[in-house]
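Read through the structure below, which is laid out as structure tokens, and then see the notes.
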Amino acid sequence: MYPMRSWSVRNARWLSVIYQGIEVVLKMAHPLMKRVGYERLDKPFVKVEKVTKGFLFDSQSCGQCIMSFTGLSCPMNCPKSIRNGPCGGVRANGMCEVNADMTCVWVLAWEGNKRMHKGEYPIQVVQPPVDDRLRGSSAWLRDIRQKVAQQGPTASGSFENS
Ligand code: SF4
């Protein structure tokens, strides 16, 4: 929802704390989710993500969320789908060059980054191009599986199929 975009970046700090809490719970549930099957869980998770992230961030469900790097501003709302922005056309008043009725998502991203991370700039991490094959899949589940795999066998019980 467009009006929520700027609210969410203004409140990026505590929203990210809530997400970190959800992440802890999902990591703890990893053995169970693995048993049920991540593929089976994908659809219900996508539905929850569409409702919550769609409402709060105007998320476009690309399935490879990088909003923890972009101050909770969804880069897929950029008309050019730029993952490392902004482009060179941001208007002097911070509005988008393509859509003058919309604040540039990267102007919002800098604002959110400042609120989420005092003195740190994850927004400057260079992101890979968007992979359209992942569109419509659960970004949360992908993120959890990657993080559990990185933590090793103590967290996941096994590296296999984590
Ligand atoms: S001004 Fe910002 S939102 Fe608009 S096209 Fe450029 S980077 Fe994307």
Side-chain angles (χ1 to χ4, degrees), residues 1-27 38-39 41-151:
M1 187 196 261
Y2 178 73
M4 290 301 290
R5 289 187 201 173
S6 52
W7 181 87
S8 295
V9 298
R10 279 200 312 276
N11 293 281
R13 193 163 178 80
W14 67 264
L15 285 173
S16 69
V17 170
I18 290 176
Y19 179 69
Q20 282 161 18
I22 293 171
E23 192 177 281
V24 169
V25 173
L26 290 177
K27 275 186 193 163
Y38 272 92
E39 294 73 22
L41 293 169
D42 202 72
K43 265 193 183 167
F45 266 78
V46 166
K47 280 186 186 160
V48 173
E49 284 182 50
K50 272 197 171 164
V51 172
T52 54
K53 290 161 70 180
F55 175 74
L56 284 171
F57 314 116
D58 226 357
S59 159
Q60 299 301 312
S61 303
C62 70
Q64 53 222 280
C65 189
I66 56 166
M67 284 195 290
S68 59
F69 293 88
T70 60
L72 301 187
S73 173
C74 176
M76 301 312 291
N77 286 314
C78 164
K80 299 177 188 172
S81 300
I82 290 176
R83 304 278 279 190
N84 297 283
C87 71
V90 188
R91 294 169 193 256
N93 62 358
M95 304 304 269
C96 170
E97 75 162 342
V98 178
N99 180 355
D101 296 326
M102 175 184 107
T103 305
C104 169
V105 300
W106 289 96
V107 170
L108 291 177
W110 272 97
E111 173 71 19
N113 184 117
K114 280 190 285 182
R115 288 179 186 266
M116 270 171 83
H117 312 277
K118 300 283 176 219
E120 290 176 22
Y121 298 94
I123 194 173
Q124 292 178 327
V125 174
V126 176
Q127 300 293 336
V130 71
D131 183 347
D132 274 326
R133 292 169 299 182
L134 302 178
R135 193 179 288 277
S137 60
S138 170
W140 282 351
L141 290 183
R142 179 167 297 100
D143 191 40
I144 292 302
R145 292 176 85 176
Q146 282 171 354
K147 284 180 176 161
V148 169
Q150 281 162 8
Q151 283 174 357

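Numbering of ligands and ligand atoms starts at 1, following listing order.
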Specify whether an N/O/S atom of Cys104 falls short of 2.8 Å from atom 2 (Fe) of ligand 1. yes

For [X], take its heavy atoms, then give the atoms of ligand 1 lying under 4.0 Å from any of them.
X: Glu97; result: 1 (S), 4 (Fe)
X: Lys80; result: 5 (S)
X: Val105; result: 3 (S)
X: Trp106; result: 7 (S)

If the plane angle is over 60° it's perpendicular, under 30° parallel, otherwise tilted; pick one for Tyr121 and Trp110. tilted

Measure the distance from atom 8 (Fe) of ligand 1 to every protein heavy atom, then report the residue, atom name and distance (to 0.1 Å) of the closest one. Cys78 SG, 2.4 Å

So, is the end of the Arg5 side chain (NZ or CZ) under 6.0 Å from the ring centre of Phe57 and within 45° of the ring's axis? no

If the threshold is 4.0 Å, N to carboxylate O, is there a salt bridge linking Lys80 and Glu97? yes

Within a strict 4.5 Å, meaning less than it, do heavy atoms of the Lys147 and Glu23 side chains meet? yes

Is any side-chain heavy atom of Phe45 less than 4.5 Å from a side-chain heavy atom of Ile144? no

If you take all heavy atoms of Thr70 and Pro75, which pair is closest and at what distance? OG1-CD, 4.0 Å

Name the option, out of Ala100, Cys87, Pro79, Cys96, that contains the heavy atom nearest to atom 7 (S) of ligand 1. Cys87

